[in-house]
Enquirer: 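Have a look at the structure that comes next, please.
Throughout, a chain's letter reflects where its sequence line sits, starting with A, and its residues are numbered from 1.
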Protein chains: 2
Amino acid sequence: MTGSADSGEGRLPARRPVTLRDVAEAAGVSVATASKALNDQGRMTAETRTRIREVARRLGFRPNGLAQSLLRRRSFTVGLLTNDTYGRFSLPVMAGISEALVDAGVSVFLCNVEDDPRLGQLHVEAMLEKRVDGIIASGKRLDRHLPVTLAGLGVPIIYAFTEPDPGSIAFVSDDAQGARLAVEHFVALGRRRIAHVTGPESFMVVHQRAAAWRAVLAEHGLGVPDGFYMSGRWSERFGHEAVAQLFGGPGEKPDAIFCGNDQLARGVVDALRERGLAVPDDVGVIGFDNWEIVAAETRPPLTSVDMNLSALGREAGLTLLSLVDGKAVEPGIRKLPCRLVVRQSCGRPPDG
Amino acid sequence: MTGSADSGEGRLPARRPVTLRDVAEAAGVSVATASKALNDQGRMTAETRTRIREVARRLGFRPNGLAQSLLRRRSFTVGLLTNDTYGRFSLPVMAGISEALVDAGVSVFLCNVEDDPRLGQLHVEAMLEKRVDGIIASGKRLDRHLPVTLAGLGVPIIYAFTEPDPGSIAFVSDDAQGARLAVEHFVALGRRRIAHVTGPESFMVVHQRAAAWRAVLAEHGLGVPDGFYMSGRWSERFGHEAVAQLFGGPGEKPDAIFCGNDQLARGVVDALRERGLAVPDDVGVIGFDNWEIVAAETRPPLTSVDMNLSALGREAGLTLLSLVDGKAVEPGIRKLPCRLVVRQSCGRPPDG
DNA sequence: CTGAAAGCGCTTACAG
DNA sequence: CTGAAAGCGCTTACAG
């Protein structure tokens, strides 16, 4: 049969997309009727409806979302502002957001603003002109602003890991709870001299995690010997330096080290091994971030606190959707729980 | 002065955006005139034009991009399909693409398809409905397809690090050239027994880099002793295993090791140190990828081949823009050059 | 120099 | 049961 319609027709790039009008003409009805047939609106004979649908299918009709959006005053797009394109934090968050939204037919504009106000401005302008239904501002730290002003834009906004405007909604992991998980795990394993090696004190999370570490120790009647708290850089190198200090001098030595991130933990584990100390038998180590590629390659593989970033992204996405739908959402900072991923660096249970 | 217009007016989220009609009414002209005034079209007294502009500015008018796009048949959006959201390859590529496009007023839809055909389908549908001007398909390997069919979509497409459809345009780094850079650097440094430790042979790049390594050696009259080529996994662990084999048995020992990625190189460097071999004095090491966070923390810091991913992304973005503008672009696979980032693991020049 | 009209591709009351 | 009309917010010939 010649002329039979197959989905391969029309591979020329320059062709005009088929419009509703094309469908209507081919089916011998008005555009209005065609529209209603395809959207399950109005009343018409089942026969007419299926015939129109059949024609639409055959022609490869795909409604123009631009026209629909104009009418509905809803673009089914949201903007994702981020300053962490190279980093590993935003990624799982972005994946979670995207996953939550794609099923609602909502697409995400990726707006990498780094720390450049010009880029921020540019992207915000573009988003607004494209009439995004909402914005997610995603960063690396709750205590730092993105290089943009988002207040009073007239668009729903959700913040994730970045400083929110007053009265808005922000998502962040519960760092204190995450840290408790790690330290309590050590305690349950029978460790009694638990040190903490972490990043610079200019980071809010450094204080939150350290406070939780101290609190758990206190709750169990454990002390913090001099030098058991070490704040420095977020680097393997500082992990090495910390071990040199912790084990180099006189005084009490730790039997466990809770680290502020996985890179520190990696440095700590390597340094311990180089000193002839066994991990976890002599010293247990737990990291933070559960950065798979570091945690899994550490020898032994690293136990680490996972911030559930992609679940957090999903939550953020769904909450934005609620906001867009006009639902009322309580403002404030929502702290989502972390989980401990146990590998081999922390030690086995006493009865294991 | 009461009623003076300030940019802070209207912070209520539910307010209607101001339209061109609002501007026209406020300025006492027709919408047509208002449009022309703002777009520098048509002829009118300079006075009228500036007055209209002033009104628009005062009202905070921002043209509705949806309406403009409908008319222009150009949405000023492109879709970025990727299956590497968690990985480190797509990121710099995405950043480069985004950077190239933002200045042209083009926004990027982030479409994470992982390896799921359902997700692929979903995102392609969404992009098509939203009338993207073009698509960039970005992956991890030129020898693997994304889980989507992109042929015959009627939209310009650029491929980056993923298998292109026949007759289309793809960007990828020049792996052979990158490998040559590394091996020639070793040769220039006076190394004569250069081994190659790399990933699985199921990867096309493994063959391309290995061939270049062999070619450079041959050009300099250098041989490949038995066991100097080791193909395994892309992991630190395999780096360790490789060193154990290279230095554990009898036979000739390498004075340089070119590694297929930075994780391998990291494993190799660590293993060499553990054996008491000095890097770079006894054995030079060069990695591939220039994954900053690994390369910089290796002791000593790793010399590595950089694929210039973000420049590649920029090229891909600009090329897509040309296609969208209807310019003819030669199809084929474009290989973009790598560069060698010299740190300390490869050794200093003989005269250094 | 300015405005009325038509139209981008669709949807939604409202008639008939 | 189906269609004509109005309209989303804009732009662009075309009149005047």
Side-chain angles (χ1 to χ4, degrees), chain A residues 14-53 55-56 59-77 105 126 128-133 154, chain B residues 15-53 55-56 59-77 105 125-126 128-133 154:
Chain A
R15 76 166 189 280
R16 278 281 203 76
V18 4
T19 72
L20 188 59
R21 166 184 251 260
D22 298 329
V23 174
E25 278 174 5
V29 296
S30 69
V31 246
T33 304
S35 170
K36 279 176 285 195
L38 298 177
N39 294 314
D40 247 328
Q41 300 289 320
R43 356 190 76 254
M44 66 189 68
T45 59
E47 191 274 324
T48 317
R49 202 181 288 278
T50 52
R51 181 166 48 88
I52 295 172
R53 292 208 163 156
V55 171
L59 260 33
F61 171 69
R62 201 187 301 278
N64 185 327
L66 262 19
Q68 294 180 318
S69 293
L70 192 56
L71 241 17
R72 296 196 180 132
R73 292 206 177 69
R74 187 105 150 54
S75 66
F76 291 90
T77 63
L128 258 22
E129 295 213 339
K130 276 154 188 151
R131 295 297 192 263
V132 291
D133 298 329
Chain B
R15 75 166 190 281
R16 279 279 203 78
V18 4
T19 71
L20 187 57
R21 165 185 252 259
D22 298 328
V23 174
E25 280 174 5
V29 296
S30 70
V31 246
T33 305
S35 170
K36 280 175 285 195
L38 298 176
N39 294 314
D40 249 326
Q41 299 292 322
R43 357 191 75 254
M44 68 190 69
T45 59
E47 190 274 324
T48 317
R49 203 183 287 278
T50 52
R51 180 166 48 88
I52 294 173
R53 292 208 164 157
V55 172
L59 295 180
F61 171 70
R62 198 187 302 279
N64 185 328
L66 262 19
Q68 295 180 317
S69 294
L70 192 55
L71 242 17
R72 296 197 180 131
R73 293 207 176 68
R74 186 104 150 55
S75 65
F76 291 91
T77 63
E125 294 287 339
L128 259 20
E129 295 212 340
K130 275 153 190 152
R131 295 296 191 265
V132 292
D133 299 328

Enquirer: In whole angstrom, give the distance that lies between atom CG of A:N64 and atom P of C:dG9.
Expert: 7 Å
Enquirer: Would you mind reading off the distance between B:R62 atom CZ and D:dC10 atom C1', rounded to a whole angstrom?
Expert: 16 Å
Enquirer: Determine yes or no for a side-chain-to-main-chain donor-acceptor pair under 3.5 angstrom, with A:R49 supplying the side chain and A:K36 the backbone.
Expert: yes
Enquirer: C:dG7 and D:dA4: how far apart are their P atoms, nearest whole angstrom?
Expert: 16 Å
Enquirer: B:V29 has a side chain; which of C:dG3, D:dT2, D:dG9 sits nearest to it?
Expert: C:dG3
Enquirer: Report which part of the nucleic acid A:T48 touches: base, sugar-phosphate, or nothing (heavy-atom distance under 4.0 Å, all strands).
Expert: sugar-phosphate
Enquirer: Using every non-hydrogen atom in the two residues, find where A:R131 and A:S75 come nearest and quote the distance to one decimal.
Expert: O-OG, 2.7 Å
Enquirer: Can you see which heavy atom on B:V55 is nearest to which on B:A27, and at what distance?
Expert: CG2-CB, 4.0 Å
Enquirer: Please give, in whole Å, the distance from D:dC10 C1' to B:I52 CD1?
Expert: 15 Å
Enquirer: With side chain to side chain contact (heavy atoms under 4.5 Å, CB included) as the test, would you mind laying out the steps for B:N64 and B:T19 before giving the verdict?
Expert: CA-CA 8 Å; B:N64 185 328; B:T19 71; over 6 Å; no
Enquirer: Taking the side chain of B:A67 as its heavy atoms from C-beta onward, which of D:dG9, C:dC8, C:dC10 lies nearest to it?
Expert: D:dG9
Enquirer: Please round to the nearest 0.5 Å and tell me the distance separating atom CG of B:D22 and atom CZ of B:R16.
Expert: 9.0 Å
Enquirer: Requiring both pairing distances under 3.5 angstrom, list the stems that contain DNA chain D and are made of three or more consecutive Watson-Crick or G-U pairs.
Expert: C:1-3 with D:14-16, C:5-12 with D:5-12, C:14-16 with D:1-3
Enquirer: Could you give the CD-to-P distance, from B:E47 to C:dC1, as a whole number of Å?
Expert: 12 Å
Enquirer: In whole angstrom, what separates B:R51's CZ from C:dC1's C1'?
Expert: 12 Å
Enquirer: What is the distance, to the nearest angstrom, from the CD atom on B:E25 to the P atom on D:dG9?
Expert: 12 Å
Enquirer: Mind checking the P distance from C:dC1 to D:dC10? Whole angstroms is fine.
Expert: 26 Å
Enquirer: From C-beta outward on B:L70, which listed nucleotide comes closest to its side chain: C:dC8, C:dA4, C:dC1?
Expert: C:dC8
Enquirer: Is the shortest heavy-atom distance from the side chain of B:Q68 to the side chain of B:L71 under 4.5 Å?
Expert: no
Enquirer: Between A:R16 (CZ) and C:dG9 (P), how many Å, whole number?
Expert: 6 Å
Enquirer: So, for B:V31 and B:L20, which heavy atoms are closest and what is the spacing to 0.1 Å?
Expert: O-CD2, 3.8 Å
Enquirer: Can you find a side chain N or O atom of B:R43 that sits less than 4.0 Å from OP1 or OP2 on C:dC1?
Expert: yes
Enquirer: Rounded to the nearest 0.5 Å, what separation is found between the NZ atom of B:K130 and the OG atom of B:S69?
Expert: 13.5 Å
Enquirer: A:R21 CZ to C:dC8 P: how many Å, rounded?
Expert: 7 Å
Enquirer: Which pair of non-hydrogen atoms, one from B:T33 and one from B:M44, has the smallest distance, and what is that distance?
Expert: O-CE, 3.8 Å
Enquirer: Sugar-phosphate atoms are those with a prime plus P, OP1 and OP2; base atoms are the rest. Using that split, label each nucleotide of nucleotides 11-16 of chain D B, S or - for protein heavy atoms under 4.0 Å, 5' to 3'.
Expert: BBB---
Enquirer: For B:R21, is the CZ atom crowded, meaning more than 12 foreign heavy atoms sit under 6.0 Å from it?
Expert: no
Enquirer: Assign each of B:R73 and B:S30 to its nearest nucleotide of DNA chain C by heavy atoms, then name whichever residue's nucleotide is nearer the 5' end.
Expert: B:S30
